[in-house]
Asks: 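Encoded as structure tokens, here's the structure I'll be asking about.
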Amino acid sequence: MRLLHISDLHAGKSLGRINRNEDLEYALSQVINICKEEKVDVLLIAGDIYDKANPDHESQDMMLDFLTKLHTEGVHTVLIAGNHDSYDLIRSYKHLRRIAHLHVIDRPCKDPKDCILKFGDLTVACLPYPSERLLTHLHENPHRSYTEKVANYLKVLAKHVESARYKVLLAHLMVESAKISGTERQSTVGEFYALKLEHIPECFDYIALGHVHRHQRINRAYYSGSLYQIDFSEKGMEKFANLVILEDELQVKPIKLDIKRELHEIKVGPRENFSEVLERLRGMRGIFKVILTADMRDMSINVKKKQIEEILGDNLVRFEIQPLNQDNGERTYEPQKVDLISAYMDYYEKFLRQKPSKELMEEFIKLLQRAEYETHTA
Ligand SMILES: [Mn+2]
């Protein structure tokens with residue numbers, strides 16, 4: 001049995017004014033070629049098909065084209081929803097089952113048996129992104145912690161695969177000690193949401209995960225990672241699809257994908273030869289963020305900015321000026337992303353002189369997730 005594991009497609013993503021669908025399309029065409037060349041039986045897509053809950057028409061068009069092409073190639077595709085996807089939109093894809101080899105599990109099911117798929121010797125147990133709200137709704141004990149509910153769900157899923165020869169878990173989840181890339185939604189990758197590896201039942205031959213964008217293996221579990229560099233925190237990161245061969249012994253072969261447009265973060269210091277910088281930029285391809293460190297009294301800042309803009313054109317999506325610290329020629333200030341979860345914990349401890357309870361933090365993260373979800377849907 002030959003499987004290919006991919007995840008985090010994020011169709012419909014844009015970076016500044018740049019629509020990233022051509023980067024994704026380039027990756028997807030390679031996925032189809034790998035399926036052909038490696039004679040893949042089943043393609044596993046571990047969630048985050050779309051970047052937003054209400055994707056634009058072009059992105060949906062691209063996904064339907066991809067999924068039906070796989071059918072034409074004789075590949076069975078299993079697709080689960082991620083935290084960026086709308087459960088309801090993904091559910092509508094279930095109808096395709098009637099005309100294509102497409103198997104869609106849109107959300108964790110009331111009866112976990114409905115999240116099990118069989119392909120000859122292979123059984124795939126699916127866990128689409130278990131949102132806190134949905135899981136509370138499904139679980140008999142709403143007072144259990146989030147990770148306990150997930151662990152419990154997995155235990156029940158595992159019972160249904162016992163008799164199969166090859167057992168695979170396909171899930172959109174955060175696992176403890178996974179290294180994030182920084183482009184995942186913040187509230188969904190914190191410690192409160194991280195499942196311990198020992199909570200994933202031992203029986204699975206291969207654990208195909210989505211959610212974390214960095215390609216990695218954590219013991220028995222594999223994140224295939226996003227299909228292209230989503231944002232600048234993924235600059236320089238290589239992208240992969242995992243070929244999984246289930247025979248007497250498990251073989252996992254990461255296949256490196258070509259990247260259409262690399263993301264570059266260019267730092268220009270105050271002492272650099274500026275015409276050399278411009279020359280270097282002229283020879284580069286991809287999408288750019290430029291950080292110019294300069295003395296704010298320097299009259300040439302605007303001219304420099306204009307010159308950079310002229311060379312990079314639309315491929316320059318971010319331009320930042322970092323003021324040079326006067327008393328220290330080198331030190332510059334780094335703007336930092338605010339971690340709202342730790343900020344809230346600090347605030348609580350400072351004013352109430354005690355640590356917030358686990359329940360309160362879960363409630364806080366739930367609200368944060370809702371806020372993040374609603375901002376991304378709007
Ligand atoms: Mn994702």
Side-chain angles (χ1 to χ4, degrees), residues 4-15 19-21 23-25 27-28 31 43-56 59-60 62-63 66 78-87 89-90 93 104-108 126-132 134 150 169-190 193-195 207-218 221-235 237-242 257 259 263 337 365 368-377:
L4 192 71
H5 163 205
I6 61 170
S7 78
D8 294 85
L9 285 58
H10 288 267
K13 171 83 190 166
S14 49
L15 194 53
N19 182 312
R20 304 300 306 280
N21 278 353
D23 300 273
L24 175 61
E25 200 163 25
L28 294 178
V31 168
L43 173 72
L44 306 170
I45 309 181
D48 280 358
I49 316 304
Y50 294 111
D51 191 59
K52 295 176 189 71
N54 51 349
D56 58 278
S59 306
Q60 297 199 49
M62 181 169 65
M63 284 317 303
F66 171 64
V78 182
L79 186 162
I80 61 169
N83 61 309
H84 281 250
D85 297 309
S86 141
Y87 287 139
L89 175 66
I90 300 299
Y93 283 44
V104 174
I105 306 287
D106 56 296
R107 70 194 82 195
C126 300
L127 178 59
Y129 178 64
S131 74
E132 171 87 50
L134 188 68
V150 175
L169 174 67
L170 175 64
H172 194 86
L173 270 185
M174 176 66 191
V175 167
E176 203 178 70
S177 83
K179 286 194 185 69
I180 62 169
S181 79
T183 53
E184 302 85 356
R185 264 182 211 154
Q186 191 208 345
S187 66
T188 62
V189 292
Y193 280 84
L195 196 75
I207 299 167
L209 298 177
H211 194 36
V212 174
H213 293 169
R214 189 190 292 273
H215 178 267
Q216 62 197 290
R217 173 189 177 175
I218 307 159
Y222 295 79
Y223 281 105
S224 57
S226 50
L227 283 185
Y228 59 95
Q229 296 164 354
I230 302 277
D231 207 330
F232 289 100
S233 58
E234 292 182 26
K235 63 183 187 290
M237 238 179 238
E238 294 185 327
K239 296 297 168 188
F240 299 88
N242 272 3
L257 301 172
I259 286 174
L263 302 189
K337 228 176 168 183
I365 293 166
L368 187 61
Q369 281 191 347
R370 222 171 81 200
E372 282 180 342
Y373 182 79
E374 275 161 24
T375 355
H376 284 82
T377 321

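For ligands, and for the atoms within them, numbers begin at 1 and follow the listed sequence.
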Asks: With the Mn ion (ligand 1) at the apex, how many degrees lie between NE2 of H213 and NE2 of H10, rounded to 10 degrees?
Replies: 90°
Asks: Should the ring pair Y129 and H211 be called parallel, tilted or perpendicular, given that the plane angle runs from 0 to 90° and is split at 30 and 60?
Replies: tilted
Asks: How wide is the angle at the Mn ion (ligand 1) between OD2 in D8 and OD2 in D48, to the nearest 10°?
Replies: 100°
Asks: Indicate if the distance from the Mn ion (ligand 1) to the nearest N, O or S atom of E184 falls below 2.8 Å.
Replies: no
Asks: Going by distance alone, is a donor N or O of one side chain under 3.5 Å from an acceptor N or O of the other, for D48 and S7?
Replies: no
Asks: Between K239 (side chain) and I259 (backbone), is there a donor-acceptor pair under 3.5 Å?
Replies: no
Asks: How far apart are the closest heavy atoms of Q229 and M237, and which atoms are they?
Replies: NE2-O, 3.0 Å
